[in-house]
Structures are given as structure tokens and as C-alpha cells.
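In what follows, a structure is listed as C-alpha cells, so that the remarks can point back to it.
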Amino acid sequence: MTVDDTARTTGAVAPEADWDAAPGLLDGAKQLALGPDECDLAYWITQVAQGTLRERGVTGHHVDARVPEFLKEPGNPLREALILEFGFRGVSEEIATRLLAPYVELAPGVPEMEFYATQLIDEARHARVFRNHLVELGMPADTLLRDVAELSADYRRRVLQPVEDFTLDIVRDRKDFAGGVAVFCVVIEGVLAPAAELSERKWTPLSPATGEISRGTAIDEIRHLTVASTILKNHLAAHPESRDRIVEIIQAGVKLWDEVPDREFVIHREKLFQEGMAAHADLIGDYEIWPGVRMLDTTPDQRYDMADRWTEEMAEVRMAYMGLPPELLGGGSAA
């Protein structure tokens with residue numbers, strides 16, 4: 001599937017950017033074929049800013065999508081789980097924003113430059129809506145940045161810092177654009193995207209506002225994954241001699257993800273979610289988190305493992321699309 005160019009001139013929103021018509025992250029990342037020539041700056045202005053984000057540009061959710069009162073109550077385990085989840089994701093997205101600056105500088109052509117400039121804005125927006133949602137949960141706005149920094153200090157040091165250093169070595173120090181694309185789309189986004197899918201599925205029956213924020217960021221992630229995959233596919237076709245280098249970088253990135261202790265942080269907040277989910281079972285009812293499985297019947301480990309499985313499924317499709325063996329991502333994590 002490719003973007004409908006008529007959407008640029010008719011005012012219609014392309015299906016993959018339409019709030020109601022866009023596929024879920026996993027389906028979109030596996031099925032769509034988008035490239036930088038399509039997803040340029042004009043696309044971002046008309047399809048994302050004026051399309052996906054219409055009436056959701058400030059908070060990431062529609063004004064009619066509210067935060068339930070129980071998520072504003074201190075001590076509620078669901079609130080604590082959400083603060084940890086969105087606090088950590090906000091910090092991750094802030095780091096991603098800063099990491100993308102060298103991608104804009106190193107981009108080999110204008111289409112790639114424009115695409116990564118828009119992704120930089122996307123990631124900055126994600127960080128903003130995740131942070132500001134914490135204010136909607138009752139965290140004080142005047143100390144928010146400091147509070148989030150303190151909350152996430154251990155996670156940033158033990159999980160995010162090694163990934164940040166690895167990426168900067170490739171794009172800032174080695175100035176390897178294609179290698180950087182591989183790191184961001186195959187390792188970083190490719191591993192984190194399934195966790196974003198899980199977030200949307202978890203929070204949708206509990207908090208309309210939270211679910212919408214996750215929905216909007218997931219629509220962006222589809223574009224990031226698919227366009228970067230096309231960039232890397234085209235690079236490998238034009239420069240087959242670079243294949244061994246790209247494979248080596250991906251393998252090193254996967255090894256790094258296997259070594260960082262992300263699971264302990266994820267399982268901790270999933271246990272809080274489990275406790276809070278049981279207390280609000282009436283809101284969830286028979287809602288299925290994936291086909292045939294009620295969310296109420298899942299455990300923290302099952303949800304983590306499912307995100308891990310989604311990572312593998314998505315990797316098989318995207319890697320094959322780029323002409324790379326899917327086994328390179330075997331053993332990936334669901335951070």
C-alpha cells in the first residue's frame with residue numbers, strides 16, 4: 001500500500017494518516033510501503049499536522065477524550081503505572097529527538113533530510129504529550145521536568161544511556177547515515193514499537209485520553225518504520241558493498257538491547273498495572289487485549305512476552321523487505 005497523492009490536493013487525509021482509517025501499528029509496519037519522496041515536508045504539513053493531529057495538536061488527544069478521576073488519585077496503582085510508563089517514554093522520546101539532529105545533517109538528499117526533520121518534530125511532540133499527560137494526572141507542572149528526571153534517572157542511566165552512546169558513535173562520530181538508519185529503524189524503533197502497540201491496547205478501555213495519545217504516536221511510528229525501511233532498502237540496493245557493515249551494526253545493536261536490563265523496569269510497572277486492573281475490572285469487562293484473550297486474564301509476563309513476539313513478527317517482515325535476514329534480530333527485547 002502506498003500513500004494516495006490525491007490527498008495532498010483534495011484536502012482528504014491519506015488512509016495511513018487518518019485517525020479513524022489508519023491501521024494499528026503492527027499491521028501498518030508490516031503492510032505499508034512508504035518512502036521519503038512520499039513522506040516529505042508537504043506530506044507532514046497536510047497529512048500529519050492538518051490530518052492526524054487535527055483537534056489533537058496540543059495534548060495529543062481530543063478535548064472530549066477525558067482522563068478518568070481514578071487516574072488522578074495519588075496511590076492508585078494504575079496511576080503509578082501510567083506515570084512510570086509515560087515518564088520513561090517521554091524521556092526516551094526526548095533523547096530520540098536529540099539523536100535525530102545528526103540524521104538531518106547527514107541526509108544524502110533533500111527527501112531524506114525533510115523526512116528526518118519531520119521525524120525530529122514527531123519525537124519532540126511525543127515527548128511533550130507524554131510529559132504533559134502526567135500533569136493531567138495531577139503531577140505539578142512547575143516541577144515536572146525535574147520530577148520526571150528524578151523518576152527516570154536509573155532507567156536513563158542503565159537502559160537509555162548505552163543505546164544513546166551506541167547511536168551517537170555511529171551517526172555523530174562515524175558519520176554513517178545508513179548505519180544510523182539501521183540503528184534507529186531496525187533496533188530502536190523496531191524494538192520499542194511493539195511496546196507502544198501494547199500501551200494503546202492496555203489503556204484504551206481505561207482512559208480515553210491515554211488511549212488517544214498512544215494511538216496518535218503509533219500512527220507516527222508506522223511512518224517512521226516504513227520510510228526508514230525504504231531508505232535502507234534503497235541504500236543496500238545501490239551500495240551492496242555496505243551490506244556487511246550494516247549487518248554488523250544491527251547485530252551489535254541487538255546484542256546491546258539483549259544486555260540492557262529493560263525487563264525489570266517494564267515488569268515492575270506491569271505489576272502495578274495488574275493490581276490496578278483488578279481493582280477496575282468493571283471498566284474492562286470482556287475487553288480483549290489481543291484476539292481471543294481478555295485483558296483481565298493476562299499477567300505482566302504474558303503481556304511482556306507478547307510484545308516480544310510482536311517484535312519478532314514485525315522484524316521478519318521489515319527485514320525481508322529490506323533484503324536482510326530476519327534472524328539478525330533474534331532474541332530482541334520488548335523494552
Side-chain angles (χ1 to χ4, degrees), residues 22-30 61 65 67-71 73 75-90 92 130 133-134 137 155 159 189-219 221-222 257-258 260-317 329-335:
L25 194 156
L26 295 181
D27 289 339
K30 290 190 288 186
H61 63 82
V67 178
E69 290 302 315
F70 65 81
L71 280 181
E73 298 171 359
N76 186 314
L78 278 179
R79 179 178 185 269
E80 299 307 310
L82 184 52
I83 286 174
L84 287 173
E85 182 176 326
F86 272 28
F88 288 1
R89 290 182 72 185
S92 300
F130 287 143
H133 194 49
L134 303 184
L137 302 183
Y155 178 75
V159 176
E189 299 250 32
V191 171
L192 294 178
E197 171 86 359
L198 180 63
S199 178
E200 180 182 352
R201 297 189 187 201
K202 281 167 40 186
W203 293 107
T204 292
L206 289 163
S207 170
T210 310
E212 284 207 357
I213 291 171
S214 294
R215 167 69 169 164
T217 57
I219 291 174
E221 300 297 357
I222 293 172
W257 268 119
D258 286 343
V260 296
D262 61 286
R263 186 181 184 108
E264 69 177 76
F265 292 95
V266 177
I267 293 297
H268 171 63
R269 70 176 184 243
E270 287 298 328
K271 287 180 177 179
L272 289 170
F273 182 85
Q274 192 79 12
E275 181 183 349
M277 178 175 67
H280 296 278
D282 57 321
L283 291 176
I284 300 169
D286 291 329
Y287 171 82
E288 294 185 352
I289 191 168
W290 51 81
V293 178
R294 297 194 321 155
M295 187 161 77
L296 286 172
D297 296 332
T298 63
T299 67
D301 286 307
Q302 286 173 329
R303 293 191 295 273
Y304 182 97
D305 291 341
M306 179 55 77
D308 201 33
R309 186 184 306 174
W310 289 337
T311 299
E312 295 175 3
E313 291 176 1
M314 191 171 65
E316 288 178 2
V317 175
L329 278 178
S333 161

Going by heavy atoms in the side chains, are K271 and H268 under 4.5 Å from each other? no
Would you please test M306 and I289 for side-chain contact (heavy atoms from CB on, under 4.5 Å) and show each step? CA-CA 10 Å; M306 179 55 77; I289 191 168; over 6 Å; no
Atom of L206, atom of P68 and distance for their closest heavy-atom approach: O-CG, 3.3 Å
Please determine whether side-chain contact (heavy atoms from CB on, under 4.5 Å) holds for the pair N76 and H280, giving the CA-CA distance in whole Å, both sets of side-chain angles, and the decisive distance to 0.1 Å. CA-CA 11 Å; N76 186 314; H280 296 278; 3.5 Å; yes
Relative to each other, are the rings of Y155 and F88 parallel, tilted or perpendicular (30° and 60° limits)? parallel
Are E313 and R309 ion-paired here, with the side-chain N under 4.0 Å from a carboxylate O? no
Approximate separation, where rounding is to 0.5 Å, of I83 CD1 and L272 CG: 10.5 Å
Indicate the atoms forming the closest heavy-atom contact of G285 with R294, along with that distance. O-NH1, 3.6 Å
Smallest heavy-atom separation, E200 atom then A218 atom, equals OE1-CB, 3.9 Å
N/O donor-acceptor pair under 3.5 Å between T311 side chain and A307 backbone: yes
Stepwise side-chain contact (heavy atoms from CB on, under 4.5 Å) test for L198 and W203: CA-CA 9 Å; L198 180 63; W203 293 107; over 6 Å; no
Distance from Q302 atom CD to D308 atom CG, nearest 0.5 Å? 14.0 Å
Do E270 and Y304 have side chains that approach each other closer than 4.5 Å (heavy atoms only, starting at C-beta)? no
With rounding to the nearest 0.5 angstrom, report the CZ to CG distance, R263 to D301. 5.0 Å
Between L134 and G87, the two heavy atoms sitting closest are CD1-CA, 4.0 Å
CD of E80 to CG of L71: how many Å apart, nearest 0.5 Å? 10.5 Å
Could you grab the distance from atom OG of S214 to atom CZ of F86, nearest 0.5 Å is fine? 4.0 Å
Is there a side-chain contact between E85 and F273 (heavy atoms, below 4.5 Å)? no
Point-to-point distance, once rounded to the nearest 0.5 Å, from NE2 of H133 to OG1 of T210: 2.5 Å
Specify the closest pair of heavy atoms between T217 and R89, including all atoms of both residues, with the distance to one decimal. OG1-NH2, 3.8 Å
Does any non-hydrogen side-chain atom of R303 lie less than 4.5 Å from one of Q274? yes
So, does T204 use its side chain to make a donor-acceptor pair with the main chain of R201 at under 3.5 Å? no
Using atom types as modelled and distance alone, determine if a side-chain donor or acceptor of T298 lies under 3.5 Å from a backbone N or O of M295. yes
Looking only at heavy atoms, which two atoms of L25 and A193 are closest? And how far apart? CD2-CB, 3.6 Å
